[in-house]
Amino acid sequence: MTRSDEAEAFFYDVYTAVQQIPYGKVTSYGHIAKLIGTPQRPRQVGICLKHLSQDANAFFNHDNVPWQRVINSKGIISPRSQPSGARNQAAALREEGVTVTTGALGELMIDFSQYGWFPDELPSDNEE
């Protein structure tokens, strides 16, 4: 299914914003939505990341968009239909030096006070 121009622009904005999250830092779906001017669309940010291409030849793909750096607003890696998805995300974050802890209910958590990245605007917005 082809995306509309509006959807294509949204995916582009999400992926370019996520590319700006520094190594070893995390942010929330909602903060990415806010940074790209659509604060009411955090779930759509998650959908974009879910559909990120595995094809290394794609312009945006798992290798050049650090999808693992986006978590939910509670500092928890969002559960997925495949349990291995959250574990893979935790492993990728640990490789960056991010401490991932396990809560009482098995949730995988990251401390925003230590690893959070919440700028008021994207670094690319400051470039001249």
Side-chain angles (χ1 to χ4, degrees):
M1 174 186 280
T2 3
R3 295 183 190 137
S4 68
D5 290 344
E6 179 184 6
E8 200 62 48
F10 185 77
F11 273 70
Y12 181 90
D13 289 348
V14 168
Y15 295 153
T16 56
V18 171
Q19 286 177 322
Q20 296 178 60
I21 304 169
Y23 184 90
K25 295 292 184 181
V26 296
T27 196
S28 69
Y29 300 102
H31 196 70
I32 292 296
K34 176 185 167 199
L35 288 172
I36 64 171
T38 56
Q40 71 283 11
R41 298 178 75 186
R43 288 180 189 239
Q44 287 81 1
V45 170
I47 289 168
C48 291
L49 295 176
K50 177 181 177 180
H51 292 287
L52 186 58
S53 179
Q54 300 277 349
D55 180 358
N57 294 317
F59 188 75
F60 293 114
N61 61 67
H62 273 255
D63 294 330
N64 66 19
V65 177
W67 57 271
Q68 71 274 13
R69 298 180 190 158
V70 186
I71 61 177
N72 75 26
S73 61
K74 295 176 183 175
I76 297 172
I77 294 175
S78 296
R80 298 174 172 69
S81 57
Q82 299 289 329
S84 62
R87 289 193 302 270
N88 291 342
Q89 185 172 3
L93 288 168
R94 287 182 179 118
E95 286 178 20
E96 295 188 17
V98 175
T99 300
V100 180
T101 58
T102 303
L105 300 175
E107 66 276 25
L108 299 168
M109 305 179 303
I110 293 97
D111 182 357
F112 276 141
S113 68
Q114 185 172 3
Y115 299 104
W117 182 76
F118 296 97
D120 291 330
E121 57 186 20
L122 288 166
S124 62
D125 292 344
N126 292 323
E127 295 174 358
E128 305 222 359

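All residue numbers in this chain count up from 1 along the given sequence.
When all heavy atoms are compared, the tightest approach of Ala86 to Ser78 is CB-O, 4.2 Å. In terms of heavy atoms, Gln44 sits closest to Gln40 at OE1-O, 4.5 Å. The nearest pair of heavy atoms linking Val98 to Tyr115 is CA-CE2, 3.7 Å. Pairing each heavy atom of Tyr29 with each of Pro42, the nearest pair is CB-O, 3.5 Å. Of all the heavy atoms in Phe10 and Thr38, the pair that sits closest is CE1-OG1, 3.3 Å. Closest approach of Asn61 and Ala56 over heavy atoms only: ND2-O, 3.3 Å.
Taking NE2 of His62 as the reference point, atom CG of Leu49 lies at 8.5 Å (rounded to 0.5 Å). If you take CD on Glu96 and CD on Gln68, they are separated by 4.5 Å, rounding to the nearest 0.5 Å. Rounded to the nearest 0.5 Å, atoms CG (Asp63) and OG (Ser53) are 9.5 Å apart. Note that the CD1 atom of Ile110 and the CG atom of Asn72 stand 9.0 Å from one another [nearest 0.5 Å].
Screening Val26, Leu108, Ile71 for a side chain to side chain contact (heavy atoms under 4.5 Å, CB included) with Val100, the sole residue that qualifies is Leu108.
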Show every donor-acceptor pair shorter than 3.5 Å between a side-chain atom in residues 18-25 and any protein atom, with sequence neighbours excluded, or say none if there are none.
| from | atom 1 | to | atom 2 | distance (Å) |
| --- | --- | --- | --- | --- |
| Gln19 | NE2 | Asn64 | O | 2.9 |
| Gln20 | OE1 | Ser124 | N | 2.8 |
| Gln20 | OE1 | Ser124 | OG | 3.2 |
| Gln20 | NE2 | Thr16 | O | 3.2 |
| Gln20 | NE2 | Ser124 | OG | 3.0 |
| Tyr23 | OH | Glu95 | O | 3.2 |
| Lys25 | NZ | Gln114 | O | 3.3 |

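A perpendicular orientation is assigned to the rings of Trp117 and His31, their planes being inclined by more than 60° (bins at 30° and 60°). Between Tyr15 and Phe60, the two ring planes are tilted [angle within 30° to 60°].
Side chains of Leu93 and Ile77 form a contact here, defined as non-hydrogen atoms less than 4.5 Å apart. Using a 4.5 Å heavy-atom threshold, the side chains of Ile32 and Thr27 count as touching.
Under a hydrophobic clustering in which Ile, Leu, Val, Met, Phe, Trp and Tyr are joined whenever their side-chain heavy atoms come within less than 4.5 Å, directly or via other members, Leu35 and Ile47 fall into different clusters. When the side chains of ILVMFWY residues are joined at heavy-atom separations under 4.5 Å, either directly or via intervening members, Val70 and Phe118 end up in two distinct hydrophobic clusters. Put simply, Trp67 and Val14 are part of the same group of oily side chains (I, L, V, M, F, W, Y) that touch within less than 4.5 Å, one to the next.
A donor-acceptor contact shorter than 3.5 Å is absent between the side chain of Glu6 and the backbone of Ser4.
Other residues, nucleotides and ligands contribute more than 12 heavy atoms inside 6.0 Å of the CD atom of Glu121.
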